[in-house]
Trainee: 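Provided herewith is a single structure, encoded as structure tokens, for subsequent inquiry.
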Amino acid sequence: MPGSTQGSALSEQREKVSSPRQMALRRFVSHKAAVVSCIIIGVLALFVILAPFTARYGVNQSVQAPPNSFLSPRSNAWLGTDDIGRDLYSRLIYGVRVSLLIGLASAVISVTLGALVGAVAGFRGGKFDDVLMRVTDLFLAFPFLVTLLVVRNVLGGLPWLKPLTGEMNSVRFIIVLFSIFGWMGVARIVRGQVLSLKEREFVEAARAVGASRRYIIARHLLPNSVGPIMVALTFSVVGAIISESTLAFFGYGPQAGDGATSLGILVGAAKGAVQTGFWWLAVFPCFVLIIIALSINFIGDALRDATDPRLDRGV
Amino acid sequence: MLRYILRRLAWSVPTMLLVTFLVYIALRVGTDPVESYKRVNPRASRAKVQQYIDINGLDPNFVQGYFKWLKNFITGEWAPSIKGRREVWPALKDAMANTLRLGTAATVVGIFFGLVAGVLAALRPGGKRDVFINTSAFVGISIPPFISAILLQLLFAVYWQRWFGESLFPTSGVYPAGHTGFNLFLMIKFMALPTIIVAIQIIATYSRYMRSSLLDVMNSDYMRTARSKGISERRILIKHGMRNALIPVVTIAALDVGSIVGGLIITENIFAYPGMGLYFLKSFGEGDFPLLMPWMVVIVASILLFNLIADISYAWLDPRIRLE
């Protein structure tokens, strides 16, 4: 086929002059699982954004007049109903919407915070760096759930934080909590990156020309750490979604008002459904959570490979 | 080496004090121990409340209160729990023993299979087996323990009973209700599911560590030297490869105790397994300060201890490292 050989010749030519970004994109696309994951997450996001059209019932609406509780999957409730007759399929859509919001919001906040703190700590070094790393080590050494619960209560117990955090079982509180938590891991990664970057020639050159610290951090160190920061961002999204489910599972999660729900609340309800054998209440929410976690993890993994220029030799 | 260990042990005392002080503050702000005492014992007289405040060191001044608590803690005058006035030490001891049993079982099973899987994957990187093991490990890491717990319970306990008349593994406890004495078979049956769930995470994590560590070692110069000397492939793998690849893995294992305890807390709660996790969640839910503080001390101490073990094992396995 002449057309295809021509095409490959063309792409070969283009490859020779491709920018780092294009090379990263090419490496990312060659990761099949990640591409599939992107499609899955895209479809999920569409479902969630178009919730008024894709959901068949309101979040708090029962599918039919009683008796309607614990109906197994059927035509008017594709994934069955819960204890008070609400459609699990529709509730999953609304739940994923809240969970994705929590995941994205807290990931963006914590990564921004963590990148800045990590960059400053790595660049300045000294006492600030020492104290920061000690605190981070301490927090990360504790069992995760223990720290999360204790910090959650401490946050809720400080009255002057109320205007920022809102009620303890609100979605906003959860986002603030996860942001406070999430930045430490990111700060550590960015710090490591900055530590190795700041000894490089181009930073030295910038300093020799008289660039200010702020300029060097903003124009040289952070842009060069963009790969690890992106990877940290994807993993933070998963981390926040799973943490939310864990908290909700143990009854400390958000109690979104008006019967609004989250993936965590749905998975938490599954706990009660196990013994009674209403399998759909356990299987579907768990399955959705696994799909989301796995997809985002695959994307993060591919991003890590794609943004690491050392890996390009083999391709 | 001995001097290093002694110095580290000496250092761990101030660390312990500092961390427990922070934990003390966090618990006082977060759980408000006096309020929860009054909530659980609504008819307690003022003298009783004052006695509770005294023995737990719950003074308005945090620093003074902490040292009061510390003095009572060290001299063994532990306050009883706020609910039912139970002795704390027996409850804590039982919880520790149960968790140690589950944790050891899961860690041994998990690390063994994790290392084997990692070695199998690293032997032929890029091969079918490697891809399979790597992908499975990835899936294993992505699934949070409570999800796998729910699904496995549903399958092996509830639906197994419907299909075959008897559930393969029970869903809660260490022994059936009313059982006394020791019965290994029953214990294994009851502990199988929680062990598997904690072990899945460990297997997934360690197979990845082991794989990348062994791959690093396999590509190193001394491996090529050993091969060129004509040593058999099997001997190279065991004497040169495994031994060196294990160094970073052992260190990570010792540092990882926090996350293993984290997995245990979640799993124990789902299976109503009476260990440290259930103990923590129960006493935390009730704001039971007398139960919580010793628990925290145990956790902090074990984290510090395993940190020390990690450093020592690092030096012991790798003669190039000198501890000063």
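Remember, it's a predicted structure, so these values are computed and weren't measured experimentally. In the text below, chain A, chain B and the rest are named by the order of the sequence lines, each starting its count at 1.
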Trainee: Go through the atoms of B:Leu264 and report whether side chain, backbone, both or neither lie under 4.5 Å from a heavy atom of chain A.
Mentor: neither

Trainee: Output the option from A:Thr246, A:Val267, A:Val283 having the highest count of non-hydrogen pairs under 4.5 Å with chain B.
Mentor: A:Thr246

Trainee: Are B:Ile260 and A:Pro143 side-chain neighbours, meaning at least one heavy-atom pair lies under 4.5 Å?
Mentor: no

Trainee: Would you mind telling me which of A:Val238, A:Asp301, A:Leu158, A:Val151 has the largest number of heavy-atom pairs within less than 4.5 Å of chain B?
Mentor: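 Of A:Val238, A:Asp301, A:Leu158, A:Val151, A:Asp301 has the most heavy-atom pairs under 4.5 Å with chain B.
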
Trainee: Decide yes or no on side-chain contact (heavy atoms from CB on, under 4.5 Å) for A:Phe142 and B:Val19, but give the supporting numbers first.
Mentor: CA-CA 11 Å; A:Phe142 261 92; B:Val19 176; 4.2 Å; yes

Trainee: Just verifying a value: how many Å separate B:Ile265 CD1 and A:Phe250 CZ, rounded to the nearest 0.5 Å?
Mentor: 8.5 Å

Trainee: Identify which part of B:Arg162 has an atom lying under 4.5 Å from any heavy atom of chain A, answering side chain, backbone, both or neither.
Mentor: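 Just its side chain gets close to chain A.
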
Trainee: With a 4.5 angstrom heavy-atom cut-off, is it the side chain or the backbone of A:Ile290 that approaches chain B, or both, or neither?
Mentor: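 The side chain, not the backbone.
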
Trainee: Could you go through B:Phe280 and A:Leu145, starting from their C-alpha distance and side-chain angles, then the distance that decides it, and tell me whether this counts as side-chain contact (heavy atoms from CB on, under 4.5 Å)?
Mentor: CA-CA 10 Å; B:Phe280 169 76; A:Leu145 190 61; 5.7 Å; no

Trainee: Which answer fits A:Ser245, side chain, backbone, both or neither, if we ask what part of it has an atom under 4.5 Å from a heavy atom of chain B?
Mentor: both

Trainee: Does any backbone or side-chain atom of A:Leu294 lie under 4.5 Å from a heavy atom of chain B? Answer side chain, backbone, both or neither.
Mentor: both

Trainee: Looking at B:Val139, B:Ile266, B:Ile143, which one has more heavy-atom pairs under 4.5 Å with chain A than the rest?
Mentor: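 That would be B:Ile266.
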
Trainee: Checking A:Asn153 against B:Thr31: is there a side-chain donor and acceptor pair closer than 3.5 Å?
Mentor: no

Trainee: Given side-chain contact (heavy atoms from CB on, under 4.5 Å), test A:Tyr252 with B:Phe284 step by step and report yes or no.
Mentor: CA-CA 11 Å; A:Tyr252 293 98; B:Phe284 187 76; 3.8 Å; yes

Trainee: Would one find more than 12 heavy atoms of other residues, nucleotides or ligands at under 6.0 Å from atom CZ of B:Arg124?
Mentor: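 Not more than 12 within 6.0 Å, no.
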
Trainee: How about CZ on A:Phe28, more than 12 heavy atoms from neighbouring residues, nucleotides or ligands closer than 6.0 Å, or not?
Mentor: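 Check passes, neighbour count above 12.
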
Trainee: Begin with the C-alpha distance, continue with both residues' side-chain angles, and end with the deciding distance and a verdict on side-chain contact (heavy atoms from CB on, under 4.5 Å) for A:Cys286 and B:Phe146.
Mentor: CA-CA 9 Å; A:Cys286 291; B:Phe146 61 94; over 6 Å; no

Trainee: Given that the side chain runs from C-beta out, which part of B:Leu154 has a heavy atom under 4.5 Å from chain A: side chain, backbone, both or neither?
Mentor: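 The answer is both parts of B:Leu154.
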
Trainee: Hey, is CZ on A:Arg134 packed in by over 12 heavy atoms from elsewhere, all under 6.0 Å?
Mentor: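 At most 12 heavy atoms, drawn from other residues, nucleotides or ligands, come within 6.0 Å of this atom.
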
Trainee: Name the option with the most non-hydrogen atom pairs under 4.5 Å to chain A; the candidates are B:Asn307, B:Leu281, B:Asn269.
Mentor: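 Highest number of heavy-atom pairs under 4.5 Å: B:Asn269.
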
Trainee: Please determine whether the number of non-hydrogen atoms from other residues, nucleotides or ligands lying under 6.0 Å from atom CE of B:Met96 exceeds 12.
Mentor: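 Result for CE/B:Met96: enclosed.
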
Trainee: Which atom pair, heavy atoms only, marks the closest approach of B:Ala26 to A:Val154?
Mentor: O-CG2, 3.2 Å

Trainee: Between B:Leu292, B:Val300, B:Val158, which residue shows the highest count of heavy-atom pairs closer than 4.5 Å to chain A?
Mentor: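 If we count pairs closer than 4.5 Å to chain A, B:Val158 comes out on top.
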
Trainee: Counting only non-hydrogen atoms closer than 4.5 Å, does B:Leu151 touch chain A with its backbone (N, CA, C, O), its side chain (CB onward), both, or neither?
Mentor: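 When you check distances to chain A, only side chain atoms of B:Leu151 fall under 4.5 Å.
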
Trainee: What are the two closest heavy atoms between A:Ile242 and B:Ser142, and how far apart are they?
Mentor: CD1-O, 3.9 Å

Trainee: Does A:Phe128, at its CZ atom, have more than 12 non-hydrogen atoms belonging to other residues, nucleotides or ligands within less than 6.0 Å?
Mentor: yes

